[in-house]
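Presented below is the structure to which this report refers.
Since the model is a prediction, treat every value here as computed from it, not as a measurement. Every chain is numbered from 1, with letters handed out A, B, ... down the list of sequences. Both backbone and side-chain heavy atoms feed into the values below; hydrogens, waters and symmetry mates do not.
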Protein chains: 4
Amino acid sequence: MTPFTNRQLKIIDSAIELIAREGIQKLTIKNLSAKVGVTEGAIYRHFKSKIDILLNILEMFKENTESLSSKIRQEELPPIQQLHFLFKERFQQFAAKPALAAVIFAEEIFQNDNRLSDVIVEIMALTQKIFKEIIEQGQAKKEIRDDISSEHLSMILLGSMRFMVAKWHLSGFSYNLEEEGKSLWESIKKMIKK
Amino acid sequence: MTPFTNRQLKIIDSAIELIAREGIQKLTIKNLSAKVGVTEGAIYRHFKSKIDILLNILEMFKENTESLSSKIRQEELPPIQQLHFLFKERFQQFAAKPALAAVIFAEEIFQNDNRLSDVIVEIMALTQKIFKEIIEQGQAKKEIRDDISSEHLSMILLGSMRFMVAKWHLSGFSYNLEEEGKSLWESIKKMIKK
Amino acid sequence: MTPFTNRQLKIIDSAIELIAREGIQKLTIKNLSAKVGVTEGAIYRHFKSKIDILLNILEMFKENTESLSSKIRQEELPPIQQLHFLFKERFQQFAAKPALAAVIFAEEIFQNDNRLSDVIVEIMALTQKIFKEIIEQGQAKKEIRDDISSEHLSMILLGSMRFMVAKWHLSGFSYNLEEEGKSLWESIKKMIKK
Amino acid sequence: MTPFTNRQLKIIDSAIELIAREGIQKLTIKNLSAKVGVTEGAIYRHFKSKIDILLNILEMFKENTESLSSKIRQEELPPIQQLHFLFKERFQQFAAKPALAAVIFAEEIFQNDNRLSDVIVEIMALTQKIFKEIIEQGQAKKEIRDDISSEHLSMILLGSMRFMVAKWHLSGFSYNLEEEGKSLWESIKKMIKK
DNA sequence: GATGAATGAGTTTTCATTCAT
DNA sequence: AATGAATGAAAACTCATTCAT
């Protein structure tokens, strides 16, 4: 939605990488500007504050989540396959940009400021809502077991996904996330299918 | 193991609460000493550095995890009940001290320093190992389904637990974690039982 | 004397208003350029530095003071009426452009730089000299009391004028300066007439 | 009222002198700490912000004004002598601490921040009120002329005092303020006496 | 004439830590 | 044990100015 300039994209990217590699405490304007290759003041020509940079990272992710969700709704796949698609897509995105995974699942990072933590809560709620709705369709169509609430099923799906990503991050992105994710999905599918 | 003085316990407690309520970025010696009720310098009589305080928090949690695990091993319960016990116990601990939950599952907090992140990795590995072993016993005894690897089953268990705790934290600890946890456990049990 | 371009006049005007409304500390090239409606760099097409802008404001006021004074000298009015004219004229100018009043009587603003404070001293000396000379004429013509030195009489005249303007500024220009000034003049006239 | 520590007094004093000598724009924490002889951070152990320092300077002056006024009321002098006393006292104070004069009459300095400008307005109103009340007593007792309002008389008194102090400041404190002030008082007395 | 990007020096403030008392 | 004062480094951000386009 927001059309970023190249410089802004560079800054956002550098910020994500800095956080992923060294934690938010290392996301300082000094480190960031060094990574971008400009002086500290120059950053402020592109974002009005450090919080603003973080806000844009989250906003980008939120918009991406929304567009993924509407893309799926259009495709008219059976619910299980919709879940599979979302699962795969997310793991693919994270594998392509590991830093993003590290940032997006570390809510603590954004606890700092209300504007940030609000967006985090929104993203989390939105994501779970998307999964829940698909699961409920699946339950209605008898594709997905209905002896367990959609709330719990979505929690199990998202929870295990997050856990895998967190471990992957802590391991220094040392294995192939997409493969492991695919294998995890197979297990989950077995558990939730009717 | 480490015999803490009362002052040390007070400091550790205050630190955990500060982090839980406002994020690590608010864990400063100034804020901490104000919460404890002493001057800044006084903190250094009890811990040799800020990292040292965080290290002790993690160490405490790690020891607690270890003692929980050995307690279970002595009790000779059937595997499913062992899992139930661990699940319940953890949720109870977190409900009793919400701040701890907020801190312990937020690995990002400790990414700052290698000594810290090493302990985080150890704790995560240890926890998953405990769950995996019990699950494997359960599979051997035909109590737990064996068409899904113990690796994945433990991921699903731990992942959904972490997810629930994370949501609870983000919601401002606004609901009864123990009850929700109990209900989640029932769902998980249904899914993993043979 | 100095023939300003339209852009230069706009910049000077905006600068005066910025200072009057928010203080010199808010007179930054960024704020100024925003008010003028151009980018920061553009300002430097019209003035070679920020000090240069301030210098021109003072120079304008000084020239205005000089022309007022020579206008009066030509008109050959009785001294008391000359004073009245100056008094009225100044209050009229300030009422018409409140911002100018706020700036011109706030010597502190220009203490920053020697080139500026020198002009301030010149303006102050010039103004007092103009008043003193008229008063001395009045004393020679027995129109104005001569039991008090022209130095003191001019101080009282200028001092009370400045005080009224300062209060008006601090009150947010909340009352009619011209009327209040007229009334003050009546009082002063009573006090200085022979 | 507020019992300042020695360090705080030193800081306040240094701040006043810095402003008087070079203007507020030179009152930076860096310059201030250098003058005090400590590092920049050290200032913050004694005042919580730069504004706080300025606020305390004004508050000190305000309290001083109040105590002067109540001292006078107790002494039961004839109104003209009360005015004389206040006049003398103020000029004495300024002569003793020139920097204070430079700061206190330069309202612009404090336009920066609402908390500051509010106190400035209060001080100005308080001072004029004190003078006005004495003048009104004098008018009631037929000591002071009543063909001119107490409002205008106080404006003339305070205005000429401020003007003299401003000139003295701009001249680099180059003459004896107390003597000049005494002489000005004599002129003013002549003008306001009945 | 004007823009957009940048710089280098500066701003206020906070931080973890030390140390004499 | 604890305080109060201090330090040196670093934080986020702002400023006047320059310059290629």
Side-chain angles (χ1 to χ4, degrees), chain A residues 5-8 10-11 24-33 36-53 112-113, chain B residues 5-8 25-33 36-54 112-113, chain C residues 5-8 25-33 36-54 112-113, chain D residues 5-8 10-11 24-33 36-53 112-113:
Chain A
T5 63
N6 283 344
R7 254 295 185 257
Q8 283 178 315
K10 178 94 193 271
I11 290 170
I24 352 112
Q25 320 215 36
K26 289 280 171 57
L27 178 69
T28 63
I29 298 295
K30 192 176 185 170
N31 289 343
L32 181 56
S33 61
V36 173
V38 294
T39 54
E40 296 170 52
I43 298 292
Y44 290 88
R45 210 151 263 283
H46 305 283
F47 290 98
K48 69 182 211 295
S49 70
K50 189 179 149 181
I51 294 277
D52 194 36
I53 297 172
N112 204 11
D113 182 282
Chain B
T5 64
N6 283 344
R7 258 289 187 260
Q8 283 178 315
Q25 320 218 34
K26 288 279 170 61
L27 178 69
T28 64
I29 298 295
K30 194 179 180 185
N31 289 344
L32 181 57
S33 60
V36 172
V38 295
T39 53
E40 297 162 59
I43 298 291
Y44 289 87
R45 286 263 143 205
H46 304 284
F47 290 99
K48 69 180 210 291
S49 72
K50 187 177 152 181
I51 293 279
D52 194 37
I53 296 172
L54 291 168
N112 204 10
D113 182 283
Chain C
T5 64
N6 283 344
R7 257 288 186 260
Q8 282 178 317
Q25 320 218 35
K26 289 280 170 60
L27 178 68
T28 64
I29 298 295
K30 194 179 181 187
N31 289 342
L32 181 57
S33 61
V36 173
V38 295
T39 54
E40 296 161 60
I43 298 293
Y44 289 87
R45 286 263 145 206
H46 305 284
F47 290 98
K48 69 180 211 293
S49 71
K50 189 178 150 181
I51 293 279
D52 194 37
I53 297 172
L54 292 168
N112 203 12
D113 183 283
Chain D
T5 63
N6 283 343
R7 253 297 183 257
Q8 283 177 316
K10 179 95 194 271
I11 291 170
I24 350 113
Q25 320 216 38
K26 288 280 168 59
L27 178 68
T28 63
I29 297 296
K30 193 176 185 165
N31 289 343
L32 181 56
S33 61
V36 172
V38 294
T39 53
E40 297 167 53
I43 298 293
Y44 290 87
R45 210 150 263 284
H46 305 283
F47 290 98
K48 68 184 211 294
S49 70
K50 189 179 151 180
I51 293 276
D52 194 36
I53 296 173
N112 203 11
D113 182 282

- Message: Quick one: does any side-chain atom of C:Glu40 pair with a main-chain N or O of C:Ile29 as donor and acceptor, under 3.5 Å?
- Response: no
- note: C:Phe47, atom CZ; E:dG1, atom P; distance rounded to Å ~ 13 Å
- Task: Could you say whether D:Val38 or C:Lys50 is positioned toward the 5' end of DNA chain F, judged by the nucleotide with the nearest heavy atom to each?
- Result: D:Val38
- Between atom CD in A:Gln25 and atom P in F:dA10, what is the gap in whole Å? 15 Å
- Message: Expressed as a whole number of angstroms, how long is the span from A:Asp113:CG to F:dA12:C1'?
- Response: 14 Å
- Query: Would one find a side-chain N or O of A:His46 under 4.0 angstrom from OP1 or OP2 of E:dG4?
  - Reply: no
- Query: Looking at CD1 of D:Ile53 and NZ of D:Lys48, how far apart are the two atoms once the value is rounded to the nearest 0.5 Å?
  - Reply: 11.0 Å
- Watson-Crick or G-U pairs under 3.5 Å in DNA chain E, rendered as dot-bracket with [ ] for crossing pairs and | for another strand: .||||||||||||||||||||
- To the nearest 0.5 angstrom, please state how far the CG atom of A:Leu32 sits from the NZ atom of A:Lys10. 10.0 Å
- Base, sugar-phosphate, or nothing: which does C:Leu27 touch, judged by heavy atoms less than 4.0 Å apart? sugar-phosphate
- Answer yes or no: does a side-chain N or O of A:Arg45 lie under 4.0 Å from OP1 or OP2 of E:dT7? no
- Item | D:Thr28 vs E:dT11: side-chain N/O to OP1/OP2 distance below 4.0 Å | yes
- Task: Kindly say if D:Arg7 contacts the phosphate of F:dA6, meaning a side-chain N or O under 4.0 Å from OP1 or OP2.
- Result: yes
- Message: Go nucleotide by nucleotide along DNA chain F from the 5' end; which of B:Thr39 and D:Gly41 gets its closest nucleotide reached first?
- Response: B:Thr39
- Message: I need the NZ-C1' distance between A:Lys48 and E:dG4, as an integer number of Å.
- Response: 20 Å
- Of E:dT12, F:dA16, F:dT14, the nucleotide closest to the side chain of D:Ile29 is E:dT12
- What's the CD1-C1' distance between C:Ile43 and E:dT3, to the nearest Å? 13 Å
- Message: From CG of C:Leu32 over to C1' of F:dT17, roughly how many Å is that when rounded to an integer?
- Response: 14 Å
- Could you go through the side-chain contact (heavy atoms from CB on, under 4.5 Å) check for A:Ser33 and A:Val38 one step at a time? CA-CA 5 Å; A:Ser33 61; A:Val38 294; 4.3 Å; yes
- Query: Quick one: on DNA chain E, does C:Glu40 or D:Tyr44 contact a more 5' nucleotide (nearest heavy atom)?
  - Reply: C:Glu40
- Message: Please pick, from F:dT14, E:dT11, E:dT12, the nucleotide with the shortest atom-to-atom distance to any side-chain atom of D:Lys30.
- Response: E:dT11
- Atom pair distance, as rounded to whole Å: CG in A:Asn112 and P in F:dA11: 15 Å
- Item | Inter-residue atom distance D:Ile43.CD1 - D:Arg7.CZ, 0.5 Å rounding | 8.0 Å
- For A:Asn6 and E:dA6, give me the distance from atom CG to atom P, rounded to whole Å. 11 Å
- How far apart are the closest heavy atoms of A:Lys26 and B:Asn112, and which atoms are they? NZ-O, 4.1 Å
- Task: Mind checking the OG1-CZ spacing from D:Thr39 to D:Arg45? Nearest 0.5 Å is all I need.
- Result: 10.5 Å
- Item | C:Leu27 backbone acceptor or donor facing C:Lys50 side chain under 3.5 Å | yes
